[in-house]
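To start, the structure itself, in C-alpha coordinates.
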Number of protein chains: 2
Amino acid sequence: MFMNKLPDKTVERLSQYRRSLNNQLAKGKTHIFSHEIANLLHITPVQVRRDIMLIGYSGTLRKGYDIKEMVELIGKIIDTDSGLKMAVIGMGNLGKAFIHYLFEKRTKLKIVAAFDVNPDKVDKKYADVQCYHLDQLEEIINNEGITIGIITTPPEVASPMADRLKKAGVKGILNFTPRALSPREGVYLEEYDMITSLEKVAYFVKQKDTN
Amino acid sequence: MFMNKLPDKTVERLSQYRRSLNNQLAKGKTHIFSHEIANLLHITPVQVRRDIMLIGYSGTLRKGYDIKEMVELIGKIIDTDSGLKMAVIGMGNLGKAFIHYLFEKRTKLKIVAAFDVNPDKVDKKYADVQCYHLDQLEEIINNEGITIGIITTPPEVASPMADRLKKAGVKGILNFTPRALSPREGVYLEEYDMITSLEKVAYFVKQKDTN
DNA sequence: ACAATGCTGTTAAATTTTTAACAGTTCTAA
DNA sequence: TTAGAACTGTTAAAAATTTAACAGCATTGT
(Lines give C-alpha, C1' and ligand atoms only; values in the text may rest on other atoms or scores of the structure.)
Protein backbone atom coordinates (compact mmCIF):
# COMPACT_ATOMS: atom_id res chain seq x y z
CA MET A 1 0.00 0.00 0.00
CA PHE A 2 1.24 3.45 -1.03
CA MET A 3 -0.08 4.86 2.23
CA ASN A 4 2.25 7.02 4.26
CA LYS A 5 2.03 6.45 7.95
CA LEU A 6 -1.29 7.39 9.45
CA PRO A 7 -1.48 9.10 12.83
CA ASP A 8 -1.86 6.68 15.70
CA LYS A 9 -5.16 8.09 16.71
CA THR A 10 -6.53 7.76 13.23
CA VAL A 11 -5.63 4.09 13.14
CA GLU A 12 -7.51 3.58 16.36
CA ARG A 13 -10.57 5.24 14.96
CA LEU A 14 -10.47 3.37 11.67
CA SER A 15 -11.16 0.20 13.53
CA GLN A 16 -14.12 1.81 15.23
CA TYR A 17 -15.42 3.24 11.99
CA ARG A 18 -15.43 -0.14 10.43
CA ARG A 19 -17.34 -1.75 13.21
CA SER A 20 -19.98 0.96 13.19
CA LEU A 21 -20.21 0.90 9.44
CA ASN A 22 -20.75 -2.82 9.45
CA ASN A 23 -23.57 -2.31 11.89
CA GLN A 24 -25.16 0.16 9.53
CA LEU A 25 -24.71 -2.14 6.57
CA ALA A 26 -26.51 -4.83 8.50
CA LYS A 27 -29.39 -2.41 8.92
CA GLY A 28 -29.59 -2.01 5.17
CA LYS A 29 -28.00 1.40 4.89
CA THR A 30 -25.76 1.90 1.89
CA HIS A 31 -24.54 5.46 2.35
CA ILE A 32 -23.69 7.55 5.36
CA PHE A 33 -22.77 11.16 6.13
CA SER A 34 -19.81 12.26 8.15
CA HIS A 35 -22.05 13.65 10.86
CA GLU A 36 -23.83 10.35 11.16
CA ILE A 37 -20.61 8.48 11.70
CA ALA A 38 -19.62 11.16 14.15
CA ASN A 39 -22.78 10.64 16.15
CA LEU A 40 -22.27 6.93 16.31
CA LEU A 41 -18.86 7.33 17.88
CA HIS A 42 -19.53 10.64 19.57
CA ILE A 43 -16.73 12.50 17.95
CA THR A 44 -16.97 15.46 15.60
CA PRO A 45 -17.86 15.30 11.90
CA VAL A 46 -14.70 17.20 11.05
CA GLN A 47 -12.60 14.56 12.59
CA VAL A 48 -14.39 11.92 10.60
CA ARG A 49 -13.88 13.78 7.36
CA ARG A 50 -10.28 14.41 8.13
CA ASP A 51 -9.60 10.76 8.84
CA ILE A 52 -11.35 9.77 5.67
CA MET A 53 -9.28 12.23 3.76
CA LEU A 54 -6.12 10.77 5.23
CA ILE A 55 -6.89 7.30 4.04
CA GLY A 56 -7.54 8.71 0.60
CA TYR A 57 -11.21 7.94 0.30
CA SER A 58 -13.86 10.26 -1.12
CA GLY A 59 -17.55 10.36 -0.58
CA THR A 60 -20.15 11.39 -3.04
CA LEU A 61 -21.34 14.87 -2.45
CA ARG A 62 -24.83 15.03 -1.08
CA LYS A 63 -24.97 11.24 -0.71
CA GLY A 64 -22.22 10.76 1.77
CA TYR A 65 -19.83 7.85 1.86
CA ASP A 66 -20.47 4.48 0.33
CA ILE A 67 -20.41 2.26 3.36
CA LYS A 68 -19.36 -0.90 1.62
CA GLU A 69 -16.49 0.72 -0.21
CA MET A 70 -15.28 2.33 2.93
CA VAL A 71 -15.37 -0.87 4.93
CA GLU A 72 -13.34 -2.53 2.23
CA LEU A 73 -10.80 0.23 2.11
CA ILE A 74 -10.37 0.23 5.86
CA GLY A 75 -9.86 -3.49 5.61
CA LYS A 76 -7.08 -2.99 3.11
CA ILE A 77 -5.37 -0.64 5.47
CA ILE A 78 -5.92 -2.43 8.73
CA ASP A 79 -5.87 -6.06 7.75
CA THR A 80 -3.17 -7.82 5.92
CA ASP A 81 -4.13 -9.53 2.72
CA SER A 82 -3.29 -12.91 4.06
CA GLY A 83 -4.84 -12.24 7.43
CA LEU A 84 -2.97 -12.34 10.69
CA LYS A 85 -3.06 -15.25 13.03
CA MET A 86 -3.22 -14.74 16.74
CA ALA A 87 -2.93 -16.73 19.93
CA VAL A 88 -4.41 -16.09 23.35
CA ILE A 89 -2.21 -17.00 26.29
CA GLY A 90 -4.20 -17.74 29.41
CA MET A 91 -7.74 -19.04 29.32
CA GLY A 92 -9.15 -17.43 32.41
CA ASN A 93 -12.27 -15.34 32.24
CA LEU A 94 -10.56 -12.62 30.33
CA GLY A 95 -9.10 -14.94 27.74
CA LYS A 96 -12.48 -16.54 27.23
CA ALA A 97 -14.20 -13.18 27.05
CA PHE A 98 -11.79 -12.10 24.41
CA ILE A 99 -12.27 -15.14 22.26
CA HIS A 100 -16.04 -14.83 22.39
CA TYR A 101 -15.78 -11.18 21.61
CA LEU A 102 -14.05 -11.92 18.36
CA PHE A 103 -16.03 -14.97 17.50
CA GLU A 104 -17.94 -14.59 14.26
CA LYS A 105 -16.85 -11.01 13.96
CA ARG A 106 -13.52 -10.81 12.25
CA THR A 107 -12.62 -12.55 9.08
CA LYS A 108 -9.08 -11.35 8.86
CA LEU A 109 -7.82 -11.30 12.40
CA LYS A 110 -8.16 -14.83 13.51
CA ILE A 111 -7.45 -16.45 16.80
CA VAL A 112 -6.11 -19.86 15.91
CA ALA A 113 -4.90 -21.09 19.26
CA ALA A 114 -5.29 -20.65 22.99
CA PHE A 115 -2.89 -21.78 25.68
CA ASP A 116 -3.20 -22.67 29.32
CA VAL A 117 -1.63 -24.94 31.89
CA ASN A 118 -4.83 -26.11 33.51
CA PRO A 119 -5.53 -29.70 32.42
CA ASP A 120 -9.26 -29.01 32.56
CA LYS A 121 -8.88 -26.49 29.82
CA VAL A 122 -6.21 -28.04 27.66
CA ASP A 123 -7.58 -29.88 24.64
CA LYS A 124 -10.97 -28.22 24.95
CA LYS A 125 -12.41 -25.86 22.40
CA TYR A 126 -13.65 -22.38 23.20
CA ALA A 127 -15.78 -20.74 20.56
CA ASP A 128 -14.03 -22.84 17.95
CA VAL A 129 -10.57 -22.08 19.25
CA GLN A 130 -8.47 -25.02 20.30
CA CYS A 131 -6.76 -24.77 23.68
CA TYR A 132 -3.30 -26.29 23.92
CA HIS A 133 -0.94 -26.84 26.78
CA LEU A 134 1.47 -24.01 27.30
CA ASP A 135 4.36 -26.39 26.63
CA GLN A 136 3.36 -26.44 23.00
CA LEU A 137 3.52 -22.68 22.64
CA GLU A 138 6.63 -22.43 20.49
CA GLU A 139 5.74 -25.41 18.38
CA ILE A 140 2.27 -24.21 17.49
CA ILE A 141 3.24 -20.62 16.93
CA ASN A 142 5.77 -21.81 14.43
CA ASN A 143 3.57 -24.32 12.70
CA GLU A 144 0.63 -21.98 12.41
CA GLY A 145 2.62 -18.87 11.61
CA ILE A 146 1.08 -16.91 14.44
CA THR A 147 2.26 -13.31 14.54
CA ILE A 148 0.30 -11.77 17.39
CA GLY A 149 0.09 -12.87 20.98
CA ILE A 150 -2.54 -11.74 23.44
CA ILE A 151 -1.53 -12.11 27.05
CA THR A 152 -4.34 -12.72 29.51
CA THR A 153 -2.42 -14.66 32.12
CA PRO A 154 -1.94 -13.77 35.76
CA PRO A 155 0.36 -10.74 35.92
CA GLU A 156 3.30 -12.61 37.43
CA VAL A 157 3.94 -14.60 34.30
CA ALA A 158 3.25 -11.90 31.74
CA SER A 159 6.88 -11.02 31.28
CA PRO A 160 8.19 -14.56 30.72
CA MET A 161 5.33 -15.12 28.32
CA ALA A 162 6.35 -12.07 26.35
CA ASP A 163 9.87 -13.46 26.15
CA ARG A 164 8.67 -16.78 24.88
CA LEU A 165 6.38 -15.14 22.37
CA LYS A 166 9.18 -13.03 21.06
CA LYS A 167 11.54 -15.96 20.76
CA ALA A 168 8.85 -17.93 18.99
CA GLY A 169 8.71 -15.20 16.36
CA VAL A 170 5.65 -13.19 17.27
CA LYS A 171 5.66 -9.63 15.92
CA GLY A 172 3.04 -7.97 18.08
CA ILE A 173 1.92 -8.37 21.67
CA LEU A 174 -1.24 -7.16 23.31
CA ASN A 175 -0.92 -7.25 27.06
CA PHE A 176 -4.10 -7.24 29.16
CA THR A 177 -2.27 -7.85 32.36
CA PRO A 178 -2.04 -5.04 34.93
CA ARG A 179 1.75 -5.37 34.98
CA ALA A 180 3.37 -3.26 32.27
CA LEU A 181 5.87 -5.04 30.11
CA SER A 182 9.13 -3.62 28.93
CA PRO A 183 9.31 -3.27 25.18
CA ARG A 184 11.15 -5.90 23.22
CA GLU A 185 13.21 -5.13 20.18
CA GLY A 186 11.27 -5.77 17.01
CA VAL A 187 7.95 -6.51 18.69
CA TYR A 188 5.15 -4.00 18.72
CA LEU A 189 3.70 -3.81 22.20
CA GLU A 190 0.28 -2.55 23.14
CA GLU A 191 -0.92 -2.52 26.71
CA TYR A 192 -4.32 -2.20 28.18
CA ASP A 193 -5.28 -2.10 31.80
CA MET A 194 -8.98 -2.03 32.62
CA ILE A 195 -8.33 -0.35 35.92
CA THR A 196 -6.97 2.70 34.18
CA SER A 197 -10.27 3.24 32.42
CA LEU A 198 -12.08 2.72 35.65
CA GLU A 199 -10.05 5.18 37.64
CA LYS A 200 -10.44 7.71 34.92
CA VAL A 201 -14.20 7.49 35.24
CA ALA A 202 -13.88 7.72 39.00
CA TYR A 203 -11.75 10.83 38.76
CA PHE A 204 -14.18 12.64 36.54
CA VAL A 205 -17.16 11.58 38.57
CA LYS A 206 -15.46 12.98 41.62
CA GLN A 207 -14.50 16.14 39.75
CA LYS A 208 -18.08 16.71 38.75
CA ASP A 209 -19.14 16.36 42.35
CA THR A 210 -16.85 19.00 43.73
CA ASN A 211 -17.45 21.60 41.05
CA MET B 1 -8.82 19.49 46.84
CA PHE B 2 -7.37 22.74 45.53
CA MET B 3 -6.27 20.96 42.41
CA ASN B 4 -7.02 22.60 39.10
CA LYS B 5 -7.99 20.21 36.42
CA LEU B 6 -5.26 17.85 35.42
CA PRO B 7 -4.73 16.91 31.80
CA ASP B 8 -6.63 13.80 30.76
CA LYS B 9 -3.51 11.93 29.93
CA THR B 10 -1.99 12.68 33.28
CA VAL B 11 -5.01 11.28 35.07
CA GLU B 12 -4.65 8.10 33.09
CA ARG B 13 -1.05 7.78 34.06
CA LEU B 14 -1.62 8.50 37.74
CA SER B 15 -3.55 5.33 38.02
CA GLN B 16 -0.73 3.42 36.40
CA TYR B 17 1.86 5.07 38.60
CA ARG B 18 0.03 4.00 41.66
CA ARG B 19 -0.20 0.42 40.63
CA SER B 20 3.48 0.23 39.80
CA LEU B 21 4.41 2.02 42.98
CA ASN B 22 2.42 -0.41 45.02
CA ASN B 23 4.29 -3.23 43.37
CA GLN B 24 7.55 -1.63 44.36
CA LEU B 25 6.37 -1.08 47.91
CA ALA B 26 5.55 -4.75 48.11
CA LYS B 27 9.13 -5.49 47.14
CA GLY B 28 10.35 -3.42 50.06
CA LYS B 29 11.43 -0.34 48.15
CA THR B 30 10.76 2.97 49.87
CA HIS B 31 12.06 5.50 47.37
CA ILE B 32 12.14 5.62 43.61
CA PHE B 33 13.62 7.82 40.89
CA SER B 34 11.73 9.28 38.02
CA HIS B 35 13.68 7.20 35.56
CA GLU B 36 12.81 4.04 37.42
CA ILE B 37 9.13 4.80 37.25
CA ALA B 38 9.61 5.65 33.60
CA ASN B 39 11.15 2.26 32.92
CA LEU B 40 8.35 0.45 34.63
CA LEU B 41 5.76 2.05 32.39
CA HIS B 42 8.01 2.58 29.42
CA ILE B 43 7.53 6.26 29.16
CA THR B 44 10.12 9.00 29.60
CA PRO B 45 11.47 10.27 32.93
CA VAL B 46 10.57 13.82 31.95
CA GLN B 47 6.99 12.89 31.59
CA VAL B 48 7.02 11.31 35.01
CA ARG B 49 8.53 14.37 36.60
CA ARG B 50 6.13 16.64 34.86
CA ASP B 51 3.12 14.67 36.01
CA ILE B 52 4.45 14.65 39.54
CA MET B 53 4.94 18.36 39.37
CA LEU B 54 1.37 18.82 38.22
CA ILE B 55 -0.05 17.00 41.19
CA GLY B 56 2.06 19.18 43.42
CA TYR B 57 4.32 16.55 44.87
CA SER B 58 8.05 16.86 45.40
CA GLY B 59 10.70 14.23 45.71
CA THR B 60 13.83 14.44 47.74
CA LEU B 61 16.80 15.27 45.66
CA ARG B 62 19.17 12.39 45.27
CA LYS B 63 16.75 10.02 46.98
CA GLY B 64 13.91 10.21 44.57
CA TYR B 65 10.26 10.10 45.50
CA ASP B 66 8.88 8.62 48.66
CA ILE B 67 6.75 5.83 47.32
CA LYS B 68 4.32 5.68 50.17
CA GLU B 69 3.65 9.40 50.22
CA MET B 70 3.13 9.42 46.53
CA VAL B 71 0.70 6.52 46.56
CA GLU B 72 -1.27 8.32 49.21
CA LEU B 73 -1.33 11.56 47.31
CA ILE B 74 -2.46 9.87 44.13
CA GLY B 75 -5.16 8.26 46.20
CA LYS B 76 -6.34 11.66 47.37
CA ILE B 77 -6.61 12.81 43.82
CA ILE B 78 -8.06 9.74 42.21
CA ASP B 79 -10.21 8.28 44.92
CA THR B 80 -12.90 10.03 46.77
CA ASP B 81 -12.60 10.12 50.50
CA SER B 82 -15.70 8.11 50.99
CA GLY B 83 -14.87 5.73 48.19
CA LEU B 84 -17.01 5.18 45.17
CA LYS B 85 -19.36 2.29 44.78
CA MET B 86 -19.74 0.51 41.51
CA ALA B 87 -21.89 -2.10 39.86
CA VAL B 88 -21.15 -4.49 37.04
CA ILE B 89 -23.98 -5.13 34.63
CA GLY B 90 -23.69 -8.46 32.88
CA MET B 91 -21.90 -11.41 34.42
CA GLY B 92 -20.53 -13.08 31.35
CA ASN B 93 -16.85 -13.84 31.05
CA LEU B 94 -15.94 -10.22 30.82
CA GLY B 95 -17.94 -9.20 33.86
CA LYS B 96 -16.38 -11.99 35.86
CA ALA B 97 -12.91 -11.16 34.62
CA PHE B 98 -13.41 -7.59 35.67
CA ILE B 99 -14.54 -8.46 39.16
CA HIS B 100 -11.62 -10.79 39.72
CA TYR B 101 -9.27 -8.20 38.40
CA LEU B 102 -10.32 -5.78 41.07
CA PHE B 103 -10.65 -8.30 43.82
CA GLU B 104 -8.28 -7.60 46.69
CA LYS B 105 -6.72 -4.77 44.78
CA ARG B 106 -8.60 -1.59 45.36
CA THR B 107 -9.72 -0.32 48.67
CA LYS B 108 -11.48 2.75 47.47
CA LEU B 109 -13.18 1.74 44.27
CA LYS B 110 -15.44 -1.02 45.29
CA ILE B 111 -17.74 -3.21 43.28
CA VAL B 112 -20.72 -3.76 45.50
CA ALA B 113 -23.13 -5.41 43.14
CA ALA B 114 -23.37 -7.40 39.93
CA PHE B 115 -26.46 -7.89 37.79
CA ASP B 116 -27.58 -10.52 35.33
CA VAL B 117 -30.75 -12.12 34.08
CA ASN B 118 -29.49 -15.69 34.04
CA PRO B 119 -31.07 -17.54 36.98
CA ASP B 120 -27.94 -19.66 37.35
CA LYS B 121 -25.99 -16.56 38.18
CA VAL B 122 -28.49 -14.56 40.18
CA ASP B 123 -27.99 -14.86 43.94
CA LYS B 124 -24.52 -16.29 43.54
CA LYS B 125 -21.37 -14.56 44.70
CA TYR B 126 -18.39 -13.86 42.49
CA ALA B 127 -15.21 -12.95 44.29
CA ASP B 128 -17.28 -11.58 47.12
CA VAL B 129 -19.61 -9.62 44.90
CA GLN B 130 -23.27 -10.46 45.13
CA CYS B 131 -25.10 -11.00 41.85
CA TYR B 132 -28.67 -9.72 41.69
CA HIS B 133 -31.37 -10.05 39.11
CA LEU B 134 -31.43 -7.20 36.68
CA ASP B 135 -34.92 -6.31 37.84
CA GLN B 136 -33.46 -5.05 41.06
CA LEU B 137 -31.06 -2.68 39.35
CA GLU B 138 -32.71 0.60 40.30
CA GLU B 139 -33.51 -0.51 43.81
CA ILE B 140 -30.00 -1.61 44.66
CA ILE B 141 -28.28 1.31 43.01
CA ASN B 142 -30.35 3.59 45.15
CA ASN B 143 -29.98 1.69 48.38
CA GLU B 144 -26.25 1.27 48.03
CA GLY B 145 -25.52 4.68 46.62
CA ILE B 146 -23.76 3.28 43.58
CA THR B 147 -22.33 5.98 41.35
CA ILE B 148 -20.51 4.08 38.64
CA GLY B 149 -21.87 1.43 36.31
CA ILE B 150 -19.73 -0.93 34.26
CA ILE B 151 -21.50 -2.39 31.28
CA THR B 152 -20.37 -5.84 30.20
CA THR B 153 -23.60 -7.05 28.65
CA PRO B 154 -24.17 -8.16 25.08
CA PRO B 155 -23.95 -5.07 22.88
CA GLU B 156 -27.64 -5.03 21.95
CA VAL B 157 -28.70 -4.07 25.43
CA ALA B 158 -25.90 -1.67 26.26
CA SER B 159 -27.89 1.40 25.40
CA PRO B 160 -31.01 0.59 27.42
CA MET B 161 -28.76 -0.31 30.34
CA ALA B 162 -27.11 3.08 30.12
CA ASP B 163 -30.54 4.67 30.25
CA ARG B 164 -31.53 2.73 33.29
CA LEU B 165 -28.25 3.49 34.99
CA LYS B 166 -28.65 7.16 34.34
CA LYS B 167 -32.19 7.21 35.60
CA ALA B 168 -31.11 5.34 38.69
CA GLY B 169 -28.68 8.13 39.46
CA VAL B 170 -25.34 6.80 38.31
CA LYS B 171 -22.75 9.49 37.54
CA GLY B 172 -20.23 7.57 35.47
CA ILE B 173 -20.45 4.74 32.99
CA LEU B 174 -17.71 2.52 31.70
CA ASN B 175 -18.82 0.68 28.58
CA PHE B 176 -16.94 -2.45 27.55
CA THR B 177 -19.37 -3.30 24.85
CA PRO B 178 -18.31 -2.95 21.23
CA ARG B 179 -21.29 -0.72 20.51
CA ALA B 180 -20.53 2.91 21.29
CA LEU B 181 -23.07 4.69 23.46
CA SER B 182 -24.28 8.19 22.95
CA PRO B 183 -23.37 10.48 25.80
CA ARG B 184 -25.98 11.25 28.40
CA GLU B 185 -26.30 14.62 30.04
CA GLY B 186 -24.61 14.66 33.41
CA VAL B 187 -23.04 11.24 33.14
CA TYR B 188 -19.36 10.82 32.40
CA LEU B 189 -18.96 8.16 29.77
CA GLU B 190 -15.84 6.16 29.08
CA GLU B 191 -15.70 3.51 26.38
CA TYR B 192 -13.32 0.73 25.77
CA ASP B 193 -13.35 -1.76 22.97
CA MET B 194 -10.78 -4.53 23.06
CA ILE B 195 -10.88 -4.92 19.32
CA THR B 196 -9.53 -1.44 18.84
CA SER B 197 -6.38 -2.35 20.73
CA LEU B 198 -6.09 -5.50 18.74
CA GLU B 199 -6.44 -3.88 15.38
CA LYS B 200 -3.91 -1.29 16.34
CA VAL B 201 -1.39 -4.01 17.01
CA ALA B 202 -2.30 -5.68 13.75
CA TYR B 203 -1.81 -2.46 11.84
CA PHE B 204 1.62 -1.83 13.24
CA VAL B 205 2.69 -5.41 12.77
CA LYS B 206 1.69 -5.15 9.18
CA GLN B 207 3.42 -1.80 8.83
CA LYS B 208 6.66 -3.24 10.14
CA ASP B 209 6.42 -6.02 7.59
CA THR B 210 6.15 -3.83 4.57
CA ASN B 211 8.87 -1.38 5.55
C1' DA C 1 -31.88 29.37 -14.72
C1' DC C 2 -30.55 30.76 -10.38
C1' DA C 3 -30.33 31.22 -5.53
C1' DA C 4 -30.23 28.51 -1.48
C1' DT C 5 -28.98 24.43 0.91
C1' DG C 6 -26.21 20.68 2.49
C1' DC C 7 -22.27 18.30 2.56
C1' DT C 8 -17.46 17.30 1.27
C1' DG C 9 -12.35 18.04 1.15
C1' DT C 10 -8.64 20.76 2.68
C1' DT C 11 -5.85 24.29 4.55
C1' DA C 12 -5.02 26.95 8.55
C1' DA C 13 -5.45 27.88 13.51
C1' DA C 14 -5.91 26.29 18.19
C1' DT C 15 -5.26 23.11 21.67
C1' DT C 16 -3.22 19.32 23.95
C1' DT C 17 0.50 16.48 24.88
C1' DT C 18 5.26 15.32 24.74
C1' DT C 19 10.03 16.35 24.68
C1' DA C 20 13.95 19.15 25.40
C1' DA C 21 16.79 22.20 27.93
C1' DC C 22 18.67 23.72 31.82
C1' DA C 23 19.22 25.94 36.37
C1' DG C 24 19.53 24.51 41.01
C1' DT C 25 20.43 21.30 44.95
C1' DT C 26 22.32 17.55 47.40
C1' DC C 27 25.69 14.25 47.82
C1' DT C 28 30.40 12.17 46.88
C1' DA C 29 34.98 12.02 46.74
C1' DA C 30 39.50 13.72 46.01
C1' DT D 1 36.17 23.01 49.85
C1' DT D 2 35.85 22.24 45.55
C1' DA D 3 34.79 19.79 41.20
C1' DG D 4 31.76 16.54 39.53
C1' DA D 5 27.92 13.56 39.28
C1' DA D 6 23.08 12.56 39.87
C1' DC D 7 18.50 14.02 40.09
C1' DT D 8 14.71 17.20 40.54
C1' DG D 9 11.51 20.97 39.14
C1' DT D 10 10.19 24.13 35.70
C1' DT D 11 9.99 26.86 31.68
C1' DA D 12 10.28 26.81 26.81
C1' DA D 13 10.06 24.46 22.34
C1' DA D 14 8.36 20.85 19.42
C1' DA D 15 5.19 17.53 17.89
C1' DA D 16 0.80 15.50 17.62
C1' DT D 17 -4.00 15.95 17.57
C1' DT D 18 -8.27 18.34 17.33
C1' DT D 19 -11.13 22.03 15.87
C1' DA D 20 -12.38 25.75 12.96
C1' DA D 21 -13.06 27.97 8.66
C1' DC D 22 -14.26 28.01 4.26
C1' DA D 23 -14.13 27.19 -0.81
C1' DG D 24 -16.47 24.29 -4.03
C1' DC D 25 -19.96 21.51 -6.01
C1' DA D 26 -24.11 18.58 -6.56
C1' DT D 27 -28.97 18.86 -5.68
C1' DT D 28 -33.38 21.11 -4.61
C1' DG D 29 -36.83 24.36 -5.08
C1' DT D 30 -38.65 28.33 -7.10
Side-chain angles (χ1 to χ4, degrees), chain A residues 3-17 21 24 29-67 69-70 73-74 77 180 183 190-191 196 200 203-204 207, chain B residues 3-17 21 24 29-67 69-70 73-74 77 180 183 190-191 196 200 203-204 207:
Chain A
M3 198 77 53
N4 9 5
K5 277 207 184 60
L6 298 168
D8 268 40
K9 289 292 161 69
T10 296
V11 174
E12 278 177 31
R13 281 190 298 265
L14 285 181
S15 149
Q16 297 170 343
Y17 292 152
L21 291 175
Q24 297 305 306
K29 256 188 113 125
T30 62
H31 290 76
I32 194 165
F33 296 125
S34 61
H35 66 263
E36 293 178 298
I37 300 181
N39 281 339
L40 291 172
L41 307 190
H42 34 92
I43 57 180
T44 70
V46 199
Q47 198 161 57
V48 173
R49 292 208 299 279
R50 213 173 182 297
D51 286 337
I52 291 176
M53 178 193 113
L54 289 174
I55 64 172
Y57 183 63
S58 291
T60 322
L61 206 50
R62 212 83 228 271
K63 279 224 151 184
Y65 305 92
D66 183 305
I67 299 183
E69 278 179 22
M70 209 170 139
L73 178 57
I74 294 178
I77 295 163
E190 175 80 18
E191 312 246 9
T196 302
K200 199 171 165 197
Y203 174 79
F204 285 108
Q207 205 62 4
Chain B
M3 200 77 53
N4 8 8
K5 280 209 184 60
L6 297 168
D8 267 40
K9 289 292 162 67
T10 296
V11 174
E12 279 177 29
R13 281 190 298 264
L14 285 181
S15 150
Q16 298 170 342
Y17 292 153
L21 291 175
Q24 297 305 306
K29 255 186 114 121
T30 62
H31 290 75
I32 195 167
F33 297 125
S34 61
H35 66 263
E36 293 178 297
I37 300 181
N39 281 338
L40 290 171
L41 307 189
H42 34 90
I43 57 180
T44 70
V46 199
Q47 197 161 56
V48 173
R49 292 207 300 278
R50 212 173 182 296
D51 286 337
I52 291 176
M53 179 194 111
L54 289 174
I55 64 175
Y57 183 63
S58 290
T60 322
L61 203 52
R62 212 85 229 275
K63 278 223 150 185
Y65 304 93
D66 183 305
I67 299 182
E69 279 179 23
M70 207 170 139
L73 177 57
I74 293 178
I77 295 163
E190 174 82 16
E191 312 247 8
T196 302
K200 200 173 163 195
Y203 174 78
F204 284 107
Q207 203 65 5

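A note on names: the letters A, B, ... follow the listed sequences, proteins ahead of strands, and every chain is numbered from 1.
- For the pair A:L54 CG and C:dT8 P, the interatomic distance rounds to 16 Å; values are reported in whole Å.
- If you measure from atom CD of B:Q47 to atom P of D:dA16, you get 14 Å, rounded to the nearest angstrom.
- Rounded to an integer number of Å, the gap from CG of A:D8 to C1' of D:dT18 is 15 Å.
- The separation between A:K9 atom NZ and D:dT19 atom C1' is 15 Å, rounded to whole Å.
- As a whole-Å value, the separation of A:E36 CD from C:dC7 P is 9 Å.
- Taking the side chain as every heavy atom from C-beta outward, A:L14 and A:I77 approach each other to under 4.5 Å.
- In terms of the side chain to side chain contact (heavy atoms under 4.5 Å, CB included) criterion, B:N39 has no residue partners (sequence neighbours excluded).
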Scoring nucleotides 3-11 of chain D by protein non-hydrogen atoms under 4.0 Å (B base, S sugar-phosphate only, - none) yields ---BBBBBB
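- Scanning for side chain to side chain contact (heavy atoms under 4.5 Å, CB included) contacts around A:R13 gives A:K9, A:T10, A:Q16, A:Y17, A:I43, A:Q47, A:D51, with sequence neighbours left out.
- Partners of B:H42 under the side chain to side chain contact (heavy atoms under 4.5 Å, CB included) rule, at least two apart in sequence or in another chain, are A:A180, A:P183, A:L189, A:E191.
- In this structure, the CD1 atom of A:I43 is 14 Å from the P atom of D:dA20, given to the nearest Å.
- Residues satisfying the side chain to side chain contact (heavy atoms under 4.5 Å, CB included) test with B:I67, not counting sequence neighbours, are B:L21, B:Q24, B:L25, B:K29, B:I32, B:V71.
- For the pair A:H31 NE2 and D:dT27 P, the computed distance is 11 Å after rounding to whole Å.
- Residues in residues 37-47 of chain A take part in no salt bridge (Lys or Arg N to Asp or Glu O under 4.0 Å) pair, two or more places apart or across chains.
- The distance from atom CG of A:D51 to atom C1' of D:dA16 is 13 Å, rounded to the nearest whole Å.
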